[in-house]
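Letters go in sequence order (proteins before strands), and every chain restarts at 1.
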Amino acid sequence: MSCTGDIGQVQRRLLERVTVLANDRVAEGVGLVVFEAPRVARSVRPGQFVHLRIAEGADFILRRPFSVHRAQGERLEILYQVLGVGTRALSLAEHGDVMDLIGPLGHGWEMPEGTSHALLVCGGLGAAPMGMLATELAEKGVAVTVAQGAPTAERLVARELLADVARRHEIATDDGSAGTHGFVTALVKPLIAGDRPDVVYVCGPEAMQRIVAGQASAAGVDCQVSLERLMGCGIGACLSCVVSTVQGQKRACVDGPVFRADEVLWKSAEIPPQR
Amino acid sequence: MSCTGDIGQVQRRLLERVTVLANDRVAEGVGLVVFEAPRVARSVRPGQFVHLRIAEGADFILRRPFSVHRAQGERLEILYQVLGVGTRALSLAEHGDVMDLIGPLGHGWEMPEGTSHALLVCGGLGAAPMGMLATELAEKGVAVTVAQGAPTAERLVARELLADVARRHEIATDDGSAGTHGFVTALVKPLIAGDRPDVVYVCGPEAMQRIVAGQASAAGVDCQVSLERLMGCGIGACLSCVVSTVQGQKRACVDGPVFRADEVLWKSAEIPPQR
Amino acid sequence: MSQTVDMRVRLGALELRNPVMPASGTFASGREYADFVALERLGAIVTKGVSLHPWAGNASPRMAETASGMLNSIGLQNQGVEAFCEDDLAWLATHDVPVIVNVSGHSVAEYVAVAERLETESAVSALEVNISCPNVDEGGMAFGTSCPAAAEVTRAVRAVTCKPLIVKLSPNVTDIAEIARAVEAEGADVISLINTLLGMAIDTDTFRPKLARVVGGLSGPAVKPVAVRMVWQVASAVHVPIIGMGGIMTTEDAVEFMLAGATAVAVGTANFVDPIATVHIAEGLEAFCRERGIERVAKLTGAVKL
Amino acid sequence: MSQTVDMRVRLGALELRNPVMPASGTFASGREYADFVALERLGAIVTKGVSLHPWAGNASPRMAETASGMLNSIGLQNQGVEAFCEDDLAWLATHDVPVIVNVSGHSVAEYVAVAERLETESAVSALEVNISCPNVDEGGMAFGTSCPAAAEVTRAVRAVTCKPLIVKLSPNVTDIAEIARAVEAEGADVISLINTLLGMAIDTDTFRPKLARVVGGLSGPAVKPVAVRMVWQVASAVHVPIIGMGGIMTTEDAVEFMLAGATAVAVGTANFVDPIATVHIAEGLEAFCRERGIERVAKLTGAVKL
Ligand SMILES: Cc1cc2nc3c(=O)[nH]c(=O)nc-3n(C[C@H](O)[C@H](O)[C@H](O)COP(=O)(O)OP(=O)(O)OC[C@H]3O[C@@H](n4cnc5c(N)ncnc54)[C@H](O)[C@@H]3O)c2cc1C
Ligand SMILES: Cc1cc2nc3c(=O)[nH]c(=O)nc-3n(C[C@H](O)[C@H](O)[C@H](O)COP(=O)(O)OP(=O)(O)OC[C@H]3O[C@@H](n4cnc5c(N)ncnc54)[C@H](O)[C@@H]3O)c2cc1C
Ligand SMILES: Cc1cc2nc3c(=O)[nH]c(=O)nc-3n(C[C@H](O)[C@H](O)[C@H](O)COP(=O)(O)O)c2cc1C
Ligand SMILES: Cc1cc2nc3c(=O)[nH]c(=O)nc-3n(C[C@H](O)[C@H](O)[C@H](O)COP(=O)(O)O)c2cc1C
Ligand code: FES
Ligand code: FES
């Protein structure tokens with residue numbers, strides 16, 4: 001089966017100076033930045049990420065990892081949530097600003113040969129790495145169903161993009177301002193039962209990913225999850241980003257961020273929301 | 001005699017948010033920044049300085065002290081040389097940027113009653129604190145002679161301003177590209193002998209100030225110097241900025257930066273240029 | 001959401017109206033900050049180091065900036081305790097705020113002499129014995145880096161003062177908890193930490209040390225992780241209250257020290273960046289508690305969840 | 001202005017083509033950086049810590065960012081010396097660069113066992129014994145914070161290896177010079193410092209420590225003044241060459257360490273910021289010397305003007 005992971009291994013990582021082409025607020029506390037990044041944009045695969053140096057001379061020194069939301073020609077898009085000092089600085093970047101990033105990084109989504117139907121489940125910013133995936137699956141003629149959740153309708157980031165490429169796009173919001181009232185996890189079981197997807201792709205809060213992984217395995221469907229860890233180097237050297245798996249500790253930055261759900265030993269610390 | 005020093009004591013120090021109105025390169029590595037600083041601009045006296053917070057969230061945290069070059073209405077001007085991280089950041093400030101500063105700070109130039117003739121001697125950026133002084137002396141009807149030195153003609157900062165207000169404006173450049181070829185210190189003796197000024201005001205490299213102070217005392221003329229020290233607080237608390245004087249150690253930020261030359265115990269470390 | 005927050009904290013016999021005070025040597029005796037800070041808004045004033053005789057301090061340059069921090073080698077320049085009492089203390093006495101006098105000495109006898117001189121001064125609320133200054137040749141840090149020496153100074157000063165006794169520790173040690181236990185055993189009522197980390201910087205243009213004294217004390221945000229760790233270690237080792245400091249710039253920084261075990265906090269280098277920092281942090285702490293329904297700021301002390 | 005600069009430096013029997021190497025644990029075994037750095041451009045490669053048996057390391061989160069620095073509590077996760085030799089070392093052997101293996105252990109016996117296993121590996125140019133890791137419960141820093149323990153490990157490893165022996169010191173001590181003298185006396189050929197400063201950070205939203213292990217090691221520009229000071233103190237105390245590290249991000253930082261007394265320098269956290277940092281600094285050092293007419297980089301060592 002074709003696997004961006006394998007590609008990830010032979011793929012050359014680049015340190016590229018990139019220029020901000022646009023940086024717009026797309027929702028409360030969420031921005032979409034578009035970089036001119038010719039070399040990385042051309043080689044990145046769905047589910048991979050870049051390690052971005054947002055500022056120099058600042059009191060924070062480390063890079064910040066971001067999934068690639070979309071890559072078109074020389075344009076590379078990142079969908080980001082403003083959380084702290086780095087993403088706040090990123091939100092202030094303007095057209096023409098120059099930064100540098102390392103990429104493409106990590107093991108992306110695997111697309112098993114002969115997949116005819118895929119279910120994409122995302123919560124909140126989990127939609128970020130789904131953009132490239134949904135587009136490429138659709139181009140390959142795979143039927144794409146998207147189950148998307150968010151706190152409010154306004155926070156359904158990349159909603160249009162996903163709606164365009166998906167054959168079916170189900171929505172759940174915590175406040176009921178769009179789609180079903182409740183968590184996206186409630187949509188998954190019926191969708192698996194109804195559409196019998198060949199594979200389920202998940203990204204979002206770890207507790208949510210864990211629940212969906214459980215639902216998929218219960219239904220005997222392949223499932224891939226995209227996990228976040230605090231990252232230092234982003235290229236496999238520092239061991240900051242380990243994920244516990246059945247084959248022992250793996251590095252989210254090279255062996256992930258996408259893992260086969262059945263490999264992951266979920267953090268017992270993470271108690272899934274009670275419902 | 002009237003003395004901004006006394007004023008300095010009763011004068012209230014302010015922490016003011018200021019807006020950059022203009023920031024232009026005036027010579028190789030020298031910039032002139034104009035702030036809208038209504039409260040400080042109105043109360044500052046010649047020879048006083050402000051303690052400027054150039055950046056927040058940067059890897060350097062301390063303020064930077066700058067003499068006030070000119071103050072007109074709500075406008076406050078600083079003439080700065082790009083030396084390191086702070087002044088480099090300052091040189092990138094644009095119209096509309098907001099910073100904050102503490103001021104007015106320190107003991108400025110004293111203008112003895114009945115002064116009819118003053119000699120201002122400055123080297124390089126030492127011209128910065130001379131702008132306000134020359135202007136105010138001229139307004140008071142004091143005859144102003146300026147002896148200005150710089151490495152090259154281009155580096156004669158504030159040359160026009162000083163030429164305008166001075167009755168006489170003598171120049172020396174290290175490379176002879178303007179005025180006398182040599183150091184400004186060579187101009188001083190004849191000017192003192194010729195014009196018999198009531199007071200000599202000096203600012204520039206400490207070695208140069210020391211030489212001029214010697215020339216003035218040899219001629220029995222009052223002399224005031226403006227000394228620079230690395231500063232922490234800028235308001236008299238941290239004792240980073242001490243200057244050795246005949247009355248013991250004084251703080252450049254409150255007892256100075258302007259001192260009576262005959263009070264200063266010059267750093268023996270500082271060897272005056274041989275000539 | 002509780003409306004008012006009880007901001008009072010207790011340092012042994014000393015009650016403060018809030019946990020925030022300036023760190024010694026960064027606030028002089030408060031007078032220089034009077035244009036910016038109403039001293040009554042602070043939990044206490046901590047004076048710069050006071051010695052028996054006047055000290056001239058070290059040669060210039062006395063400071064150098066470093067990444068997210070600064071080095072200083074002031075060297076405890078001060079007028080001596082007599083002049084301090086006549087001048088600064090008399091001025092402070094006219095303000096309604098507890099005064100903590102930072103005491104320094106070259107020898108145990110000098111520490112004792114300063115403490116004795118201050119004992120009769122009603123304006124002095126407490127003594128902070130600085131056994132951790134890296135910027136003096138004899139005394140200073142030497143007393144703070146060995147248990148016997150730290151114990152000896154504490155015992156000697158304890159013997160001559162009935163005022164609350166704060167001992168300020170040096171971070172330049174292998175085992176801070178051991179030193180803390182030693183001074184607690186000798187009667188320290190409160191422990192404050194950290195003083196500065198010994199550091200050095202060299203100008204690569206001139207090849208000269210940036211400080212005339214070659215080495216100096218590192219302070220500011222750069223040292224905060226070390227300071228929080230030491231406060232946590234000391235809090236686990238002793239029963240006396242702790243004044244935590246080292247790189248506090250914001251309300252969250254102050255909260256971090258209290259969670260680690262500090263009862264009160266001191267703000268040093270931040271005063272140079274923002275002369276109103278102490279008041280901002282005191283107000284910020286109150287808001288932090290109010291927003292979270294914490295009715296007493298003291299509940300933050302040691303509240304880290306392990 | 002001399003045209004070419006002699007960039008070679010000597011660490012005892014080991015000659016390096018230039019003074020710049022990665023700091024252990026920040027560069028893995030070099031393979032991860034191969035896309036960015038031609039290993040042959042570096043003075044040496046320093047591997048991550050290698051132990052006798054595989055170590056799982058600590059729980060996540062294992063890192064937290066701090067002002068101009070970072071905390072880590074990786075805990076020396078590694079495959080053990082056997083797997084290291086088969087895998088990383090075999091790969092490194094195909095490159096023309098000296099390999100310094102960083103050795104860790106829970107006990108003196110484990111340090112010795114690792115050293116013995118590596119003794120026969122011709123691809124290993126030198127051993128760096130890490131007696132200063134703050135992130136393991138037994139061993140690690142405990143050996144680096146007491147003279148007898150530091151001496152014991154050094155003596156034991158010295159007895160089983162003829163390779164150049166580097167001992168890496170912990171900055172979390174009262175007197176770094178004393179430890180340095182102790183390991184020099186037991187036969188250390190080279191001393192490297194500093195390892196990380198023990199630190200802690202607390203999330204003020206969750207009240208939880210930012211590291212699962214609660215405390216971790218502080219690195220990056222924040223620690224540079226402490227590191228430079230300690231290199232200067234050790235250089236004044238011993239005769240063996242020193243590898244200086246702690247917050248080196250730029251060429252000037254590297255120069256500062258050499259002026260303080262280091263013969264070579266190691267670049268750690270900077271690799272995470274700029275994966276090409278080591279090469280940039282090696283090239284920068286050469287340019288720095290050329291511009292100043294310094295014909296041998298080794299002349300910078302200890303050249304600080306006091
Ligand atoms: C492989 C990967 C892909 C990612 N893709 C995206 C993306 O497409 N869009 C996006 O908005 N974010 C993404 N993230 C998360 C992003 O890296 C962090 O939100 C960012 O680094 C926060 O930086 P900051 O300086 O703003 O926050 P900080 O000031 O560093 O931290 C602020 C708060 O956020 C928490 N935090 C920091 N990093 C993470 C993290 N990695 N995961 C969870 N919490 C964190 C901190 O613990 C702290 O509580 C990704 C992370 C990884 C590892
Ligand atoms: C009372 C006073 C008034 C001043 N007025 C002016 C002015 O009107 N215009 C102007 O350009 N500068 C003035 N200065 C000097 C100015 O404060 C420094 O140049 C500035 O702080 C340098 O900051 P930086 O971050 O760019 O340099 P840094 O990165 O801090 O230092 C770069 C180099 O400059 C040296 N340096 C830093 N501060 C000083 C200083 N105060 N004196 C001498 N060398 C220093 C450092 O040692 C270092 O070698 C004044 C200083 C004082 C004390
Ligand atoms: C300029 C300066 C002077 C200081 N003087 C003293 C002093 O006299 N006595 C003392 O105990 N600590 C002194 N300190 C240490 C501070 O009180 C404080 O312990 C240290 O700076 C850490 O806090 P900070 O990071 O908030 O500055 C001084 C610190 C600075 C920066
Ligand atoms: C993520 C990380 C892992 C480290 N692992 C090791 C190690 O295995 N062995 C060791 O001796 N030092 C280790 N160190 C310490 C570094 O080698 C170095 O001594 C320290 O980080 C200071 O240098 P720096 O500020 O340039 O990073 C590690 C440091 C970091 C940041
Ligand atoms: S972030 Fe360094 S190994 Fe993954
Ligand atoms: S700068 Fe602090 S006393 Fe002068």
> For D:Thr269, is it the side chain, the backbone, both, or neither that has a heavy atom closer than 4.5 Å to a heavy atom of chain A?
Replying inline: side chain
> Of the backbone (N, CA, C, O) and the side chain (C-beta and beyond), which part of D:Thr26 lies under 4.5 Å from a heavy atom of chain A, both, or neither?
Replying inline: backbone
> With a 4.5 Å heavy-atom cut-off, do A:Val18 and A:Leu76 have their side chains touching?
Replying inline: no
>> Less than 4.5 Å to any heavy atom of chain D: does that hold for the side chain of A:Leu14, its backbone, both, or neither?
In response: backbone
> What orientation do A:Phe66 and A:Tyr80 show, parallel under 30°, tilted 30 to 60°, or perpendicular over 60°?
Replying inline: perpendicular
>> Could you go through A:Leu90 and A:Met99, starting from their C-alpha distance and side-chain angles, then the distance that decides it, and tell me whether this counts as side chain to side chain contact (heavy atoms under 4.5 Å, CB included)?
In response: CA-CA 10 Å; A:Leu90 181 56; A:Met99 304 181 184; 3.8 Å; yes
> Is the D:His95 ring parallel, tilted or perpendicular to the D:Trp91 ring (thresholds 30°, 60°)?
Replying inline: tilted
> For D:Met63, is it the side chain, the backbone, both, or neither that has a heavy atom closer than 4.5 Å to a heavy atom of chain A?
Replying inline: both
> When heavy-atom pairs shorter than 4.5 Å are enumerated against chain D, which of A:Leu62, A:Leu230, A:Asp59 gives the highest number?
Replying inline: A:Leu62
> Quick one: do the D:Ser51 and D:Asn78 side chains pair a donor with an acceptor below 3.5 Å?
Replying inline: yes
